[in-house]
Amino acid sequence: MWLQHSSTLLKPVLAQGVLPSLSQYSQLVLFGSVGMIILGVISVYTMQLMLECKEDIIRTLPPDERKSFTYTQLGKEALGFFGKWSVDISVLGCNLGVCAGYMIFIASNLRWAFTCFAYHKINEINGTNGTNGTEESFTGICFTTYELYALILPILIFLTFLPSFKLLAYSAYVGFVFLAIAMITVFVYGTNHSFAAFNTDCGFSLDCVPLQLTPPSWFGVAQWFGITAFLFCVHSMVIPLEIGMKHPRRMPYVLDTACLVVIAINLPFALYGYFLFSQDTAGYIFENIPGGIFNDIIRVFLSLELTLTFPIVFKPASDVMEEIIQNGLLYLAKQFKINFILELYAGRELTWKILYFVMLCCMKTLLVLVSWSVAVGIPRFELCLAFVGSLATSVLAFILPPLFHLKLKWKGTSLVRRILHIVILVAGIAATIGATTINLYEAITNGSASVSCEKIHGQCHGD
């Protein structure tokens, strides 16, 4: 049973966390490998801190409130409204940032796939294979990112309006299949091309192994921290998941299993990708793989899976914003004695339900557009995830849990654990500030560059 709950924790991060951002391993082979394991262990530990705090709090709550206890309520119990708003803002920023990453992933993959489909079709009509330099082979067949956003934005907005996502939840399992196929594609390409060239040119000499133990750059460390933090941050899901379990005591096994799966998939794949492409490793590794009808189909199906998963990832941010708007609306109605609103809310009749639904639709549309603006501002997939991971995700994973535990369970905690929690807290604050600053600077200076049509055409042809 804990395997099922472990898969639930993996859904938000696995699909888009494996394929991107291996480029930082060009300087972080040793550091990145050991560091991924360390951050995984710390993440599991901070989730356990949250569960410890939760156990003491829910004992004093009525049974109906226990079932709805969340990370936000934990923050409120620990630090009042400051703790509540810290969690809410972090969840809002984290999930909207992840949604922006989804948009970049979907738009870039569909752009690549559709451009290659059109490229091959036009070349087939013109009777050319794209290598003889005919002008007709390279004009009018490159879709822009904005054209793809115009296609997917209405679909994503519509999906967020759905009242229930039960059917969409099964799409995650289909996504695991497509993800596995995509990873196999990379392995097959490496076996058939890079390893063959390695054998021919070097005779399997270790002199050709692209291992570099030079000091890592600050940007490499910052990007690595942000993306790795993103891989392990499912903290907002932990408390509701444990409350819904038939056997909550098995939750440690769920956390350990999820962490091991993330490390077992990401670490070998990252090292393998770096070994294949070294300094030329792209932020999104599929950009290193030459095009072909099979690869293009995989891009489309991965994009389809993330499209169906989008509203599930979007929901926590939507829930936070819905609570803020509802509480704010009722507060203003009471302050200014707007009885019309208070009567509608108290009656919960059809008029209120219609107005509230329209308000939610407008709010969700606005949030999707906010995510889209982030995607447009940082169109590089790996930079977007690194920025989100180093800012909101690291706050949820490495700062708030030890801070809440120190506040709520100071007296019952040993001196060694107090020191450990303070170290995690201070290190988390320092890493968050440093990595966020560096990733933001990189996003501003180099984040606007997108893949050129010439590169896509070259990959479509397999150059």
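The analysis underlying the following values was restricted to heavy atoms, covering all of them including side chains, and did not include hydrogens, waters or symmetry mates. Small disclaimer: the values here were computed from a predicted structure and weren't measured.
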Between CZ on residue F387 and OG1 on residue T393, distance to nearest 0.5 Å: 10.5 Å

Quick one: pull up CG in L110 and OG1 in T145 and give me the separation to the nearest 0.5 Å. 10.5 Å

State which residues pass side-chain contact (heavy atoms from CB on, under 4.5 Å) with P62; sequence neighbours excluded, sorted by chain then number. D64, E65

Distance in Å, I263 CD1 paired with L260 CG, rounded so as to fall on 0.5 Å steps: 6.0 Å

Where at least one partner belongs to residues 252-266, residue pairs that pass salt bridge (charged side-chain N to carboxylate O under 4.0 Å, His left out), sequence neighbours excluded: none

Kindly write out the residues that satisfy ring pair (Phe, Tyr, Trp, His ring centres under 6.0 Å) with F69, not counting sequence neighbours, or none if the list is empty. none

Would you indicate whether the side-chain heavy atoms of M103 and L153 approach each other to under 4.5 Å? yes

Would you mind reporting whether M363 and S318 have side-chain heavy atoms less than 4.5 Å apart? yes

Which atom of C384 lies closest to which atom of G97, heavy atoms considered: SG-O, 3.9 Å

Do you know which two heavy atoms are closest between I227 and E382, and how far apart they sit? CD1-O, 3.8 Å

Does E55 use its side chain to pair, donor to acceptor, with the backbone of E52 at less than 3.5 Å? no

Where is the tightest heavy-atom contact between S390 and N439, given as atom of each residue plus distance? OG-ND2, 3.3 Å

Sequence-distant partners of S303, side-chain hydrogen bond (donor to acceptor under 3.5 Å, both in side chains), two or more places apart: none

Kindly write out the residues that satisfy side-chain contact (heavy atoms from CB on, under 4.5 Å) with F82, not counting sequence neighbours, or none if the list is empty. L79, S86

The complete set of salt bridge (charged side-chain N to carboxylate O under 4.0 Å, His left out) pairs with one or both residues in residues 320-332, sequence neighbours excluded, reads K84-E323

side-chain contact (heavy atoms from CB on, under 4.5 Å) evaluation trace for L306 with L302: CA-CA 6 Å; L306 285 189; L302 282 174; 5.9 Å; no

Test side-chain contact (heavy atoms from CB on, under 4.5 Å) on L39 and W224; report intermediate values, then the result. CA-CA 11 Å; L39 282 189; W224 165 85; 3.8 Å; yes

Could you pull out all residues at least two apart from Y146 that satisfy ring pair (Phe, Tyr, Trp, His ring centres under 6.0 Å)? none

What pairs with S394 under side-chain hydrogen bond (donor to acceptor under 3.5 Å, both in side chains), at least two apart in sequence or on another chain? T432

CD1 (I152) and CD1 (I157) are apart, to the nearest 0.5 Å, by 10.5 Å

Is the gap between the ring centers of H421 and F404 under 6.0 Å? no

Counting only pairs under 3.5 Å, give me each side-chain donor-acceptor contact of residues 232-242, with atom names and distances, residues two or more places apart or in other chains.
from, atom 1, to, atom 2, distance (Å)
H235, NE2, T46, OG1, 2.9
E242, OE1, K54, NZ, 2.3

For A392 and G93, which heavy atoms make the closest approach, and how far apart are they? CB-C, 3.9 Å

L406 versus L425: any side-chain heavy-atom pair under 4.5 Å? yes

Result block: side-chain N/O donor-acceptor pairs under 3.5 angstrom for residues 408-416, not counting sequence neighbours:
from, atom 1, to, atom 2, distance (Å)
K409, NZ, D56, OD2, 2.5
T413, OG1, K409, O, 2.4
S414, OG, R417, N, 3.4

pair I155-F310: side-chain heavy atoms closer than 4.5 Å: no

Any heavy-atom pair between the side chains of F225 and F398 that's under 4.5 Å? yes

Can you check whether F314 reaches L159 side chain to side chain, under 4.5 Å on heavy atoms? no

Below 4.5 Å, heavy atoms only, C-beta onward: do I104 and Y149 meet side chain to side chain? yes

Find the distance between CZ (R250) and CG (L255) and round it off to the nearest 0.5 Å. 14.5 Å

Looking only at non-hydrogen atoms, find the nearest pair between F161 and F357 and report the distance. O-CE1, 4.4 Å

Given 3.5 Å as the limit, does a donor-acceptor pair link the side chain of Y71 with the main chain of L396, or not? yes

Would you say that N109 contacts V300 through its side chain, given a criterion of any heavy-atom pair below 4.5 Å between the two side chains? no

Using residues 366-377 as the side-chain source, report each donor-acceptor pair under 3.5 Å to any protein atom, sequence neighbours left out, with the distance given to one decimal.
from, atom 1, to, atom 2, distance (Å)
S371, OG, L96, O, 3.0
S373, OG, V370, O, 2.5

Does F301 CZ have over 12 foreign heavy atoms under 6.0 Å away? no

Which residues pass the ring pair (Phe, Tyr, Trp, His ring centres under 6.0 Å) test with F219, not counting sequence neighbours? none

Within this structure, what is the CD1-CD1 distance for the pair I429 and I424, rounded to the nearest 0.5 Å? 12.0 Å

If I compare all heavy atoms of V395 with all of S90, which pair ends up nearest, and what's the gap? CG1-OG, 3.3 Å

